[in-house]
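What follows is a set of notes on a single structure, which appears directly below.
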Amino acid sequence: MGEEGKYIYCIIETRQERNFGPIGIGSGGDEILTISYDDLSMVVSHHPMTKLVVSRENLLAHEKVIEQAMKEFDSVLPVRFGTIAASADEIRNLLDRRHREFKNLLKAMDHKVELGVKGVWKNRELIFKEIVEENKEIKRAKEKIENDKSRKSISIKVEVGKMVEQTLKKKKEKEAEKILKALKDTAVDYKLNKPISDEMFMNASFLVDKGREKEFDNIMDDLSDQYKNRTKLMYAGPLPVFNFVN
């Protein structure tokens, strides 16, 4: 085992020493403690100064600790997975140097949560059929391929593939905008992340005041019902504000 460091989960505003229990990352189940400077604290556990394996188990443990802090504090700044400091003194020095920055971020994130929304088309073949029907150029090119079995059709296929890809991107943006339009006025801010499949047209994170979370929930229920025959909307939260804090 290497030299012991301090694994960092998040930053909270408190002067008091806290113990969140033995829910630390890794197999040891280390105690989750706080290291403070003035009125700021970092939530940490003991951990060797070695690179942490990116696994589902470790990622969930990291998030679980942050969520535990969220239950007790209205404003929590999540720290990126895998961040390890060499010592308690290093943490205190960091809290000292960036005290004003952290205080401003905590104020900006006060009483706010992150809500994640992913939109997935239920029928991929139907979407590609729509693309062909809506784009006359793609439709003509596909008909030409079907009627031309020569080598020339290979280059046409490549061009059609490019056109379909571009049209699919625009279609995703258009359909995502419908969902965004319904939700964004309820949110303080939002960010669009890259879709992770052809079926996914939207991968968004919303920063929402806790007082409007129920309103957001109700809109999501209406949208899910409105688009149920075409789209599956996946909704997660409340989550730590990872997408809105660097």
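All of these numbers come straight from a predicted model, not from anything done at the bench. We count residues from 1, following the sequence as given.
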Heavy atoms from other residues, nucleotides or ligands near [atom1] of [X] exceed 12 (cutoff 6.0 Å):
X: Lys103; atom1: NZ; answer: yes
X: Lys170; atom1: NZ; answer: no
X: Lys169; atom1: NZ; answer: no

Rounded at 0.5 Å granularity, tell me how far [atom1] in [X] sits from [atom2] in [Y].
X: Glu101; Y: Leu77; atom1: CD; atom2: CG; value: 9.5 Å
X: Asp30; Y: His47; atom1: CG; atom2: NE2; value: 8.0 Å
X: Asn123; Y: Lys129; atom1: CG; atom2: NZ; value: 9.5 Å
X: Leu239; Y: Leu115; atom1: CG; atom2: CG; value: 7.0 Å

- Task: For ring pair (Phe, Tyr, Trp, His ring centres under 6.0 Å), just list the numbers for Phe216 and Tyr235, CA-CA rounded to whole Å, side-chain angles, deciding distance to a tenth of an Å, and then say yes or no.
- Result: CA-CA 11 Å; Phe216 195 96; Tyr235 178 36; 5.7 Å; yes
- Item | Asp222: side-chain contact (heavy atoms from CB on, under 4.5 Å) partners, not counting sequence neighbours | none
- Distance-only polar pair, side chains of Ser205 and Asn243, donor-acceptor under 3.5 Å: yes
- Message: Working note: Leu126 + Trp121, criterion side chain to side chain contact (heavy atoms under 4.5 Å, CB included); need CA distance, chi angles, decisive distance, verdict.
- Response: CA-CA 9 Å; Leu126 174 64; Trp121 286 313; over 6 Å; no
- Message: Can you see whether Phe20 has Arg18 sitting over its ring - NZ or CZ less than 6.0 Å from the centre and within 45° of the normal?
- Response: yes
